[in-house]
Amino acid sequence: MALSRFARSNLKQSGRAISNYMTETGILSEGVSTSRRYFSSVSNITGSSNLKYLSGIGNIYILVFGSRGIRITPKYQFPSPENILEDLDSEDYYEKLPGLEATNPGEKPRVVVLGTGWAACRFLKGLDTKIYDAVCISPRNHMVFTPLLASTCVGTLEFRSVSEPVSRIQSALATCPNSYFYLASCIGINTDKHEVHCETAGSVGLPHEPYRFKVAYDKLVIATGADPLTFNIKGVKEHAFFLREVNHAQEIRRKLLLNLMLSENPGISEEEKKRLLHCVIIGGGPTGVEFSGELSDFIIKDVCERYSHVKDDIKVTLIEANEILSSFDIGLRQYAIKHLTKSGVRLTRGVVKEVQDKKIVLSDGTDVPYGLLVWSTGVGPSGFVKSLDLPKSPGGRIGVDEWFRVPSVQDVYALGDCAGFLEQTGKQVLPALAQVAEREGKFLVELINRIGQQNGGKAFCSKDIPLGEPFVYKHLGSMASVGRYKALVDLRQSKDANGISLAGFLSWMMWRSAYLTRVVSWRNRFYVAVNWATTLVFGRDNSRIGP
């Protein structure tokens, strides 16, 4: 009662505005099943001044409307704020959330895919849309060809060359009447009612923010990827750049070019100039090594010509706690160390203790000033994956069996970096690699298509359908570019197995040929080939576009 009186007194003005608006528009979904498992606090709402006093009410839903494919009716009169507190205890309140209803008998079953990474897009590409309707939910509308992302940071490739719109990968998302792509993030899953709860990006101009809705599924594929590992080191998220998305590469490029130009300004001290031009990469895995190689190549070929006043001051340091490229053959590791050192990359073994605004503090007390810091130390479970009440594999990923089913629930599958085999399967958690995710997606979509062909596509209908042989992963090998037309190719199936290991120009040709054939579309293959040829003939573009 005290909470009710407090809300009524503080919402008098804003409540009248909300009531008038809802009374005029009066829209709400019809026939959407209830869900009380997941809630979201209205304290996150910042887009409307009329709602600013709602932050003290606790956890309630703000209803949002008008999304593609969501059924609504203008006849419902939304309750005024005076009745919100009473409605909080009513199950009907949650039944009225807008969203896609469960499929009816006679309609195609609906497969909901969370994410647009390697696993999700390979799954979507192979999904039989004559059997299923597809709904993809992701905060980005494209797939990123991550092996070539480092090349975009220095202008070897253009950004659009490494991104593929998801509607091109699965055209049904744009053309079929009951298949949709929603630009949103999943914030919760109700496995009992076969629903996912979603939220669009904030501050995008919608009538209500955050804009939330839900989607019913017959089959759910979780492929939301992973987050960069920071090991809870202070200052990493605030000061370091990651390299997993196109916007990350854009930010790195802008920062690199900004530092180059600022360092030429008159009055800059030598100490400050050296700091601005010191590029530090944390992590000696394939991403860190490839970015170091691209950066050293950029310095040797382009900086010396176009920034001749500061060419002697720009430095690259790669810091790794153990061995660089630890999964590669020892001979290839030694070759990479020798080549990178010859190219001007300083290799340092150390552990980062703290990241500050202009310097890194190592565990031995050493201070490393920097102008650009790129963090590439692997990935771990995202906050979304951690929040799910699902079994976990070693390392915190979503636990799956040999067919990528989440065993504790029905009709839920998990793929890619967010999933790992449960201990009882006897299989080790697979590495977070693009080839792993892609092959998992290919395996699962073939399984889901077979289930649909045997009339098991609807919710709760696939329990007795034989699944066939379980997934078996065979490693095809690893590749990494180290700059200056050199690369490493390790074709061993495991770290301790025998196999072919190559390094040098021939490996670089194999690296480029392999990645060019793996680019998703012919359009992007053409873009990549033209970008490589343009860079070879004319050099890299050094225009800095953006704030």
Can a side-chain donor-acceptor contact be found between [Y] and [X] if the only test is distance below 3.5 angstrom?
X	Y	result
Y473	H475	yes
T156	R540	yes
S481	E290	no
N542	Y307	yes
T377	W375	yes

Measure the spacing between CZ of F241 and CD1 of I281 and express it to the nearest 0.5 Å.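 It comes to 12.5 Å.
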Kindly indicate, with the supporting measurements, whether the criterion side chain to side chain contact (heavy atoms under 4.5 Å, CB included) is fulfilled by R397 and V385. CA-CA 7 Å; R397 301 184 188 182; V385 168; 5.6 Å; no
I'd like to check the side-chain contact (heavy atoms from CB on, under 4.5 Å) partners of [X]; sequence neighbours left out, ordered by chain and number.
X	value
I337	I324, T341, L347
N265	L262, I268
Q250	F159, V246, N247, R254

Under-4.0 Å salt bridge between [X] and [Y]:
X	Y	answer
R333	D329	no
R349	E323	yes
D312	K273	no
E245	R140	yes

Check whether more than 12 heavy atoms from other residues, nucleotides or ligands sit under 6.0 Å from atom [atom1] of [X], and answer yes or no.
X	atom1	answer
R544	CZ	yes
Q428	CD	no
K392	NZ	yes

Pairwise side chain to side chain donor-acceptor pair (under 3.5 Å) hits with a residue in residues 517-537, at least two apart: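 Matches after skipping sequence neighbours: S161-N531, E164-S521, E164-N524, E438-R518.
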For F526, give me all partners under ring pair (Phe, Tyr, Trp, His ring centres under 6.0 Å), at least two apart in sequence or on another chain.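 For F526 there are no ring pair (Phe, Tyr, Trp, His ring centres under 6.0 Å) partners, ignoring immediate neighbours.
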Taking ring pair (Phe, Tyr, Trp, His ring centres under 6.0 Å) as the cut-off, I'd like each qualifying pair that reaches into [range], sequence neighbours left out, listed once.
range	answer
residues 335-364	none
residues 424-447	F404-F443, F443-F471
residues 261-283	none

Using the rule given for side chain to side chain contact (heavy atoms under 4.5 Å, CB included), can you reason through W118 versus T146, listing the C-alpha separation, both sets of side-chain angles and the distance that settles it, and then say yes or no? CA-CA 9 Å; W118 281 82; T146 48; 3.2 Å; yes
Does the separation of the ring centres of W403 and Y413 fall below 6.0 angstrom?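 Here the rings of Y413 and W403 have centres that are no less than 6.0 Å from each other.
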Inter- and intrachain pairs under salt bridge (Lys or Arg N to Asp or Glu O under 4.0 Å), touching [range], at least two apart:
range	answer
residues 358-371	K359-D367
residues 150-161	none
residues 275-288	E272-R275

Who passes side-chain hydrogen bond (donor to acceptor under 3.5 Å, both in side chains) against D313, sequence neighbours left out?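 Counting only residues at least two positions away or on another chain, D313 forms a side-chain hydrogen bond (donor to acceptor under 3.5 Å, both in side chains) with K274.
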Is the Y180 ring parallel, tilted or perpendicular to the Y182 ring (thresholds 30°, 60°)?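 It falls in the parallel class, under 30°.
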